[in-house]
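Hydrogens, waters and symmetry mates are skipped; everything else that's a heavy atom, side chains included, is used. Heads up: numbering here begins at 1 and tracks the sequence. Counting starts at 1 for both ligands and their atoms, following the listed order.
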Amino acid sequence: MTKQIQAVRGMNDCLPNDSGIWQWVENTIRQVVAGYGYQELRTPVVESTDLFKRSIGEVTDIVEKEMYTFADRNGDSLTLRPENTACCVRAGNEHGLLYNQQQRIWYMGPMFRHERPQKGRYRQFHQFGIETFGIEGPDIDAEVIMLSARLWKVFGIAEHVTLELNSLGSNQARANYRDALVGYLLERKECLDEDSLRRLESNPLRVLDSKNPQVQEAIKDAPSLMDYLDDESKHHFEGLCSKLESLGIKYTINPRLVRGLDYYNRTVFEWVTDSLGAQGTLCAGGRYDGLVEQLGGKSTPAVGFAMGIERLVLMLQTLELTSQVPKPVDVYVTALGESTELYAMTLSEELRDISSTLRIQTHCGGGNMKKQMKRADKSGAPVVVLLGENEMQQQTATVKFMGGDKAQQTIPKSELTNIINEYFEH
Ligand code: ATP
Ligand code: MG
């Protein structure tokens, strides 16, 4: 037999059984961002490699070992986007959306990182994110966090996530801190792994982001960035904290939180959960006031976050919070007996003409009552319309309500929509 071709490792199909929850999650997210007046920005999944090198940073996990980079047929180095903030800034600069303006942007789509696939970590994964430009904050920092907090409320997982917050301060503050951190790490060199030793030379703050437990233990008592904050950043951070408190959004300050990308300054945050095992970060973001300029635009303050949709879906499934996911079929229309097929089809079309929201599946392929009812059952439709030769001759329909104790009834076909709508309204 011919060998079957399989999907690329770490890249998943979203099967019909799962696409319902995905669509529900995506639609709910769209509703939430609309409630804040954000607009969507869609960018290509492929960008120039330089875009990510210059933004995320040469000495980061993503750029060092996770990017899908290839030469196209012209020999240009291209990369499948590993994240979307850099792409939004690139597009914003290119189309003049940023300088001297305010923008509130959202995006959703696939990202690509060559990581070791495991639960909650894939090579093609999906992010929803928001980016705001042109507002110095901290009011907008609070809005960005508030929007994420609303998502947790809407999805019913607010009790299962906690907010960790830190400030990275100005470039100068980080430079001062860097010296203190290097001093501390040099005294503990024997506890550092190969990556961390290299980073100690090239980008010491990255050591704080290490996932290696031994390294994490070693940096437990490292000097705190908080003690090195410049006055303005401190003021900004206090402003954000007090706003979050007034808004009733709980947080903990985590002075080790630096995030895995180099472009952040001041506010950084992560929403973490213990419902996902090792992949505990659901959503992460922060301020990146230098990035627009770094990518060739005029200096523009910015703040945003990205959330992993696979991790959110996984959480909703684990916590069994999927009851709001709509069933794919509302009404299953059977065609029993000879020559009823056309009656079933036209009647289904009439129903669709009247109601654009009802999901109606018409039985195809014939078969006896038992077979058709089995299909109806499998479709999950709460309402089944039984159409036999009697119904066809008298232009009626028999309606059966699955589950519950509402009696089956035969009615003129003109009354069908009313009865079905009435049923779904209750
Ligand atoms: P992690 O610490 O889990 O590696 P990260 O710091 O690399 O995350 P970001 O680049 O900040 O993650 O991306 C934001 C969010 O995107 C993460 O919090 C996570 O929910 C999701 N995410 C990141 N990488 C993956 C991946 N490989 N597979 C699935 N989701 C991911
Ligand atoms: Mg990562």
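The ligand atoms of ligand 1 that sit less than 4.0 angstrom from a heavy atom of Gly308 are 15 (C), 16 (O), 20 (O), 21 (C). Within ligand 1, counting atoms from 1 as listed, the ones closer than 4.0 Å to a heavy atom of Ala284 are 11 (O). Shown in contact with Cys283 at under 4.0 Å from a heavy atom are these atoms of ligand 1, numbered in order with element: 18 (O).
Looking only at protein heavy atoms, the nearest one to atom 17 (C) of ligand 1 is Thr281 O, 3.9 Å. When only non-hydrogen protein atoms are considered, atom 22 (N) of ligand 1 lies nearest to Phe125 CE1, 3.5 Å. Distance from atom 8 (O) of ligand 1 to its nearest protein heavy atom, with residue and atom name: Arg311 NH1, 4.5 Å. In terms of protein heavy atoms, atom 2 (O) of ligand 1 is closest to Lys211 NZ, 3.0 Å. Considering only non-hydrogen protein atoms, atom 7 (O) of ligand 1 sits nearest to Arg113 NH1, 3.0 Å. Nearest to atom 11 (O) of ligand 1 among the protein's heavy atoms is Arg259 NH2, 2.2 Å. In terms of protein heavy-atom proximity, atom 4 (O) of ligand 1 is closest to Arg121 NH1, 2.9 Å. The protein atom (non-hydrogen) at minimum distance from atom 28 (N) of ligand 1 is Tyr122 N, 3.0 Å.
Of the N and O atoms on the side chains of Arg287 and Ser233, not one donor lies less than 3.5 Å from an acceptor on the other residue. One side chain, Asn84 or Thr43, offers a donor N or O that lies under 3.5 Å from an acceptor on the other. Under 3.5 Å, the side chains of Asn27 and Gln31 contain no donor-acceptor pair of N or O atoms.
Between Trp106 and Phe128, the angle of the ring planes lies from 30° to 60°, which puts this pair in the tilted group.
For atom 13 (O) of ligand 1, the candidate residues are Glu83, Gln127, Glu115; the nearest heavy-atom contact is made by Gln127.
Considering all non-hydrogen atoms of both residues, Ser55 and Tyr263 come closest at O-CD2, 3.4 Å. Of all heavy-atom pairs between Cys241 and Leu165, the closest is SG-CD2, 4.1 Å.
On a distance-only criterion, Met307 and ligand 1 share no N/O pair closer than 3.5 Å.
Side chain of Arg311 to backbone of Gly120: a donor-acceptor contact under 3.5 angstrom is found. In terms of modelled atom types and a separation under 3.5 Å, the side chain of Arg150 and the main chain of Val32 share no donor-acceptor contact.
Electrostatic pairing of Glu232 and Arg266 counts as a salt bridge here, judged by a charged N lying under 4.0 Å from a carboxylate O.
Contacts between Asp61 and ligand 1, counted as non-hydrogen atom pairs separated by less than 4.0 Å, are absent for every part of the residue.
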